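Every chain is numbered from 1 and lettered A, B, ... according to where its sequence line falls, protein lines coming before strand lines. Below, each value reflects all heavy atoms present in this structure, side chains not excepted, and no hydrogens, waters or symmetry copies. Note that the structure is predicted; figures quoted are calculated from it, not measured.
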2 protein chains.
Amino acid sequence: MSEKLTLGVAARLSTYLRILTQSRKQGLQSISSQEISEYANVNPTQVRRDLSTFGKFGKRGVGYNVDSLLNQIQGILHTGGVHSLALVGAGNLGTAIVTSSIFKDHGFGIAAVFDRDPARIGEKVGDLIIEDAANIALRCKELGVVLGVLAVPPESAQWAADQLVAGGTKIIFNYTETLLSVPEDVTIHTINPAEEMLYALYFYLT
Amino acid sequence: MSEKLTLGVAARLSTYLRILTQSRKQGLQSISSQEISEYANVNPTQVRRDLSTFGKFGKRGVGYNVDSLLNQIQGILHTGGVHSLALVGAGNLGTAIVTSSIFKDHGFGIAAVFDRDPARIGEKVGDLIIEDAANIALRCKELGVVLGVLAVPPESAQWAADQLVAGGTKIIFNYTETLLSVPEDVTIHTINPAEEMLYALYFYLT
DNA sequence: CATTTTATGAGAAAGTGTTCACAAGTCGCC
DNA sequence: GGCGACTTGTGAACACTTTCTCATAAAATG
Ligand SMILES: NC(=O)c1ccc[n+]([C@@H]2O[C@H](COP(=O)([O-])OP(=O)(O)OC[C@H]3O[C@@H](n4cnc5c(N)ncnc54)[C@H](O)[C@@H]3O)[C@@H](O)[C@H]2O)c1
Ligand SMILES: NC(=O)c1ccc[n+]([C@@H]2O[C@H](COP(=O)([O-])OP(=O)(O)OC[C@H]3O[C@@H](n4cnc5c(N)ncnc54)[C@H](O)[C@@H]3O)[C@@H](O)[C@H]2O)c1
């Protein structure tokens with residue numbers, strides 16, 4: 001029960017969670033393994049296998065109740081609560097992230113936004129006031145954030161990452177192409193759609 | 001040799017390609033499996049195993065030549081050329097995508113940008129003129145694009161996807177949270193960092 | 001109320017993927 | 001010119017994943 005999940009299972013459960021969260025938002029009450037599998041690009045048997053490892057969540061002939069399955073998976077992944085994150089860079093991308101509900105829907109609240117540009121510091125973006133990037137480490141410690149998101153130009157990425165690390169951040173999502181060096185206990189997740197495009201194209205061409 | 005790659009291998013090779021491309025950009029000439037593995041968050045043996053399936057690209061005691069390994073992997077994935085894509089939505093995110101080199105670095109050129117807002121049509125963003133979203137299907141056919149990127153508000157995503165499909169697009173990258181319905185021969189790739197955040201957090205908490 | 005349809009849950013087996021451990025090649029330095 | 005540090009490539013063991021299959025259960029239909 002409390003054994004550590006493998007990366008594959010945890011990643012797929014997260015995908016199911018994304019699909020369920022959005023299904024609920026769109027008003028759906030019940031969903032079948034078939035439907036989940038289509039949105040997740042996996043085999044329906046795999047969906048059922050992933051879920052049945054942890055209990056019997058579905059009803060034969062009916063499918064899964066969206067709300068209850070959502071709660072179950074949140075329980076398995078221990079991600080029911082609300083988590084704060086720090087965003088560095090309030091340019092085009094940063095603004096898009098703040099004004100989007102893509103993080104909020106999954107319980108991730110943006111606790112602070114930082115920028116270096118004096119003209120932007122103090123401005124409002126969404127509900128937040130842009131803070132001075134010089135205070136990243138200080139403010140991250142104050143806020144106790146563990147998650148950081150980088151939406152700065154590539155040449156500022158390493159500096160910004162260093163500030164986040166100094167502030168105690170352990171997981172950094174990097175939207176830039178820069179390869180970052182961080183201590184062993186910090187994990188970098190790179191968001192680069194071009195990478196996925198490369199293999200999407202491979203399977204299209206083959 | 002020409003057998004189809006599994007998803008896992010193709011995905012990792014794409015990751016290596018991203019790392020190598022950026023390493024070259026940063027002036028590196030040689031790289032070890034250890035270094036690649038650190039940036040890719042995998043085991044060094046895995047890197048060597050993935051590569052050695054296709055030939056002996058490295059030099060013992062030295063590592064891999066960045067340029068030559070890059071060409072080899074491009075050969076394996078058949079992605080040496082330049083590919084055009086269509087971008088729908090010229091808001092904050094769309095502008096960030098156009099002005100970023102994240103796609104260009106990997107041979108993806110943005111062929112057209114579309115928006116619905118009459119005030120924005122005709123405006124310049126980067127080197128491109130924003131076109132009327134009413135012409136998506138028409139222009140995609142003209143340009144022969146197979147790749148589409150959605151950076152529109154969630155409520156417009158299905159409509160925009162339909163236009164891309166009508167224009168012959170086969171691979172759609174969806175930055176919105178909307179669950180899209182498309183024909184069987186079209187693949188949707190969802191860009192949602194929150195999903196990855198969920199399991200990143202799981203492994204951090206466990 | 002019996003029959004048909006739909007969809008889950010799980011056994012079992014085949015298929016893949018991952019990692020260890022180490023032999024072998026390369027380079028620089030003394 | 002040989003020694004030591006480094007790094008690749010791979011056999012073999014192990015672990016995990018995926019899929020086929022079908023019994024079982026709920027709901028819909030007539
Ligand atoms: N991965 C993706 O999907 C994706 C998509 C689009 C853009 N991008 C990347 O995102 C990054 C940002 O793009 P953008 O269009 O928002 O750029 P932008 O220039 O509009 O915004 C960058 C912001 O960062 C601020 N900044 C610069 N240095 C800083 C520092 N040291 N500390 C804090 N703030 C700093 C700038 O003042 C600016 O406001 C780029 O690297 C781009 O390549 C990634
Ligand atoms: N996945 C991620 O990493 C990520 C990050 C940030 C934002 N987002 C998402 O990206 C989307 C766009 O965000 P944004 O901040 O750029 O929004 P935005 O409002 O700034 O831009 C949206 C643009 O789309 C245009 N548009 C609306 N309907 C259209 C249609 N039918 N056809 C063509 N164009 C249309 C609008 O005119 C506008 O210019 C949102 O859905 C947001 O949630 C995703």
Let me know, please, whether A:Q46 or B:I31 comes out on the 5' side of the other along DNA chain D by nearest nucleotide.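 The answer here is B:I31.
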Residue met sooner reading DNA chain D from 5', once A:R48 and A:V9 are mapped to nucleotides: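 It is A:V9, whose closest nucleotide lies nearer the 5' terminus.
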Quick one: are [X] and [Y] in side-chain contact, heavy atoms under 4.5 Å?
{"X": "A:I191", "Y": "A:N174", "answer": "no"}
{"X": "A:Y175", "Y": "A:I97", "answer": "yes"}
{"X": "B:R139", "Y": "B:F114", "answer": "yes"}
{"X": "B:T187", "Y": "A:Y204", "answer": "no"}

For [X] and [N], give me the distance from atom [atom1] to atom [atom2], rounded to whole Å.
{"X": "B:F57", "N": "D:dT10", "atom1": "CZ", "atom2": "P", "answer": "11 Å"}
{"X": "B:D50", "N": "C:dT16", "atom1": "CG", "atom2": "P", "answer": "16 Å"}
{"X": "A:E38", "N": "C:dA7", "atom1": "CD", "atom2": "P", "answer": "11 Å"}
{"X": "B:L5", "N": "C:dT16", "atom1": "CG", "atom2": "P", "answer": "13 Å"}
{"X": "A:I36", "N": "C:dT8", "atom1": "CD1", "atom2": "C1'", "answer": "12 Å"}
{"X": "A:L7", "N": "C:dG17", "atom1": "CG", "atom2": "C1'", "answer": "13 Å"}
{"X": "A:F54", "N": "C:dG9", "atom1": "CZ", "atom2": "C1'", "answer": "15 Å"}
{"X": "B:Q34", "N": "D:dT8", "atom1": "CD", "atom2": "P", "answer": "9 Å"}

Return the minimal non-hydrogen interatomic distance between A:E177 and B:Q22, and the atom names on each side.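 In this case the closest contact between A:E177 and B:Q22 is O-CG, 3.2 Å.
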For residues B:V145 and B:A86, report the shortest heavy-atom separation together with the two atoms involved.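 Shortest heavy-atom contact: CG2-CB, 4.0 Å.
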Given A:L150, A:L179, A:I172, A:I171, the one that forms side-chain contact (heavy atoms from CB on, under 4.5 Å) with A:I188: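 For A:I188, the side-chain contact (heavy atoms from CB on, under 4.5 Å) test succeeds with only one of A:L150, A:L179, A:I172, A:I171, which is A:I172.
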Report yes if a side-chain nitrogen or oxygen of [X] is closer than 4.0 Å to either non-bridging phosphate oxygen (OP1 or OP2) of [N]; otherwise report no.
{"X": "A:Y64", "N": "C:dT6", "value": "no"}
{"X": "A:K56", "N": "D:dA25", "value": "no"}
{"X": "B:R12", "N": "C:dT18", "value": "yes"}
{"X": "B:T6", "N": "C:dG17", "value": "yes"}

With a 4.0 Å cut-off on heavy atoms, is B:G8 in touch with a base, just the backbone sugar-phosphate, or nothing at all?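 Counting heavy atoms under 4.0 Å across all strands, no contact is made by B:G8.
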Counting N and O atoms only, with roles assigned by atom type, does the side chain of B:Q158 sit under 3.5 Å from a partner on the main chain of B:S181, one being a donor and the other an acceptor?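 Confirmed, B:Q158 side chain pairs with B:S181 backbone.
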Any chance the side chains of A:T15 and B:E195 put a donor and an acceptor closer than 3.5 Å?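 The answer is yes; a qualifying pair exists.
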Tell me yes or no: between the side chains of A:K25 and A:S101, is some donor less than 3.5 Å from an acceptor?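 Present: a donor and an acceptor within the cut-off.
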Encode nucleotides 25-30 of chain C as B, S and - characters from 5' to 3', where the letter depends on protein heavy atoms closer than 4.0 Å: B to the base, S only to sugar-phosphate, - to neither. BSS---
Any protein N or O atoms within reach of nucleotides 11-15 of chain C? Criterion: under 3.5 Å, listing atom names and distances.
{"from": "C:dG11", "atom 1": "O6", "to": "A:R49", "atom 2": "NH2", "distance (Å)": "2.8"}
{"from": "C:dA12", "atom 1": "N6", "to": "A:R49", "atom 2": "NH2", "distance (Å)": "2.9"}

Let's see if you can work this out: which of D:dT18, C:dC20, D:dT10 has an atom nearest to the side-chain heavy atoms of B:N43?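 Closest nucleotide to the B:N43 side chain: C:dC20.
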